Amino acid sequence: MIDILNSRRTVRKYTKEMIGDELLNELLQAGCRASTTGNMQVYSIIVTRDEERKKALSPFHFNQKMVTEAPVVLTFCADFNRFNKWCELSNAEPGYDNFLSFITASIDALLVAQTVCVAAESKGLGICYLGTTTYMANKIIELLKLPKGVFPVTTVTIGWPSELPEQVDRLPRNAIIHNEFYHDYTAENIREYYSEKESRPDSKKFIAENNKQSLAQVFTDVRYKKADNVHFSKVLLQVLKDQGFMNQ
Ligand SMILES: Cc1cc2nc3c(=O)[nH]c(=O)nc-3n(C[C@H](O)[C@H](O)[C@H](O)COP(=O)(O)O)c2cc1C
């Protein structure tokens with residue numbers, strides 16, 4: 001299992017081969033064995049296999065081609081709707097219309113998502129997460145008919161790999177692990193920890209292609225810009241309110 005984890009990479013190109021029901025169910029079943037807050041299972045998984053629905057989803061994922069090319073698209077949702085209904089039917093008053101509960105359910109949803117991904121990779125399938133879900137949550141909510149109490153946290157495309165991309169870099173383990181307490185970084189530490197990433201030929205190409213002076217600028221000025229972050233944050237807060245998670 002550790003070998004699978006160490007050798008994995010995101011796969012964005014898939015063959016046309018389907019994923020059989022039995023295998024998909026096996027992955028989803030394994031996913032639902034993930035730890036879950038209070039064993040409440042405050043998540044739902046929407047399976048999209050229909051070509052037309054994948055096409056409809058595609059623009060909400062900024063037309064990333066994995067959405068239409070993968071045989072299976074999974075949208076993992078934070079979901080207090082089902083649990084609230086059970087409480088209400090059981091003469092119990094739910095108190096889950098708040099931000100804490102949203103985070104609780106989001107953690108649950110992400111644990112299931114990652115477990116499904118590891119299960120899929122262990123079967124030779126390739127996966128790609130799509131961060132666009134939280135950017136376009138309002139549109140996805142409409143298309144997938146998500147009721148109040150449900151919020152799409154992330155999406156994963158799954159298929160049989162048609163390519164084996166190179167593994168991408170990671171920061172050195174020392175950059176990530178803090179023994180006993182958080183050791184804040186000096187400028188020297190930061191330079192050291194990011195130097196490998198910055199000196200890679202693909203990073204240099206990335207900087208040149210984007211007409212920037214540093215790799216960090218590619219992130220701040222091109223890929224994850226403040227203006228976009230602020231805009232999508234505002235939209236996100238409104239969607240959380242609409243979905244009933246902001247009563248505090
Ligand atoms: C929450 C999340 C959102 C992501 N969103 C996207 C995405 O929208 N499009 C994409 O191509 N890859 C996406 N990825 C994949 C990352 O780009 C990828 O994991 C990262 O570059 C490291 O590559 P690796 O998984 O091959 O090690 C996402 C990953 C995560 C965890």
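Counting starts at 1 for both ligands and their atoms, in listed order. Note that the structure is a prediction, hence the values are computed from the model and not measured.
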Where the closest heavy atom to atom 25 (O) of ligand 1 is concerned, which of Asp169, Thr10, Ile127, Thr157 has it? Thr10
Determine if the distance from atom 20 (C) of ligand 1 to the closest protein heavy atom is below 4.0 Å. no
May I ask whether His61 has any heavy atom positioned less than 4.0 angstrom from an atom of ligand 1? no
Arg8 heavy atoms, cut-off 4.0 Å: which ligand 1 atoms fall inside? 24 (P), 25 (O), 27 (O)
As an exercise, identify every atom of ligand 1 less than 4.0 angstrom from a heavy atom of Met66. 11 (O)
Aromatic ring proximity Tyr96/Phe83, centre distance under 6.0 Å: yes
Is atom NZ of Lys197 surrounded by more than 12 heavy atoms (other residues, nucleotides or ligands) closer than 6.0 Å? yes
Pick one of side chain, backbone, both or neither for how Cys128 approaches ligand 1, counting any non-hydrogen atom pair under 4.0 Å. side chain
For Thr154, is at least one N or O under 3.5 Å away from an N or O on ligand 1? no
Between the side chains of Glu88 and Asn84, is a donor N or O closer than 3.5 angstrom to an acceptor N or O? no
Is it true that atom OH of Tyr193 has more than 12 heavy atoms of other residues, nucleotides or ligands lying nearer than 6.0 Å? yes
Salt bridge check, Arg191 against Glu188: does any charged N sit closer than 4.0 Å to a carboxylate O? no
Is the ring centre of His178 less than 6.0 Å from the ring centre of Tyr185? yes
Val168: numbered ligand 1 atoms lying under 4.0 Å from its heavy atoms: 22 (C), 23 (O), 24 (P), 27 (O)
protein heavy-atom neighbour closest to atom 13 (C) of ligand 1 works out as Tyr129 O, 3.0 Å
Are there over 12 heavy-atom neighbours, none belonging to Glu166, within less than 6.0 Å of that residue's CD? no
Under 4.0 Å from ligand 1, counting heavy atoms only, is it the side chain of Gln167, its backbone, both or neither? neither
Tell me the protein heavy atom at minimum distance from atom 11 (O) of ligand 1, and give that distance in Å. Arg12 NE, 2.6 Å
Under 4.0 Å from one or more heavy atoms of Gly131, ligand 1 contributes atoms 3 (C), 4 (C), 5 (N), 6 (C), 7 (C), 8 (O)
Of the listed options (Arg9, Gln114, Arg170, Gln64), which comes nearest to atom 27 (O) of ligand 1 when hydrogens are ignored and any heavy atom counts? Arg170
Can you tell whether the side chains of Glu142 and Lys139 come within less than 4.0 Å, N to carboxylate O? no
Go through the steps to decide whether Arg49 and Asp21 satisfy the test side-chain contact (heavy atoms from CB on, under 4.5 Å), and finish with yes or no. CA-CA 11 Å; Arg49 306 177 85 166; Asp21 287 346; 2.7 Å; yes
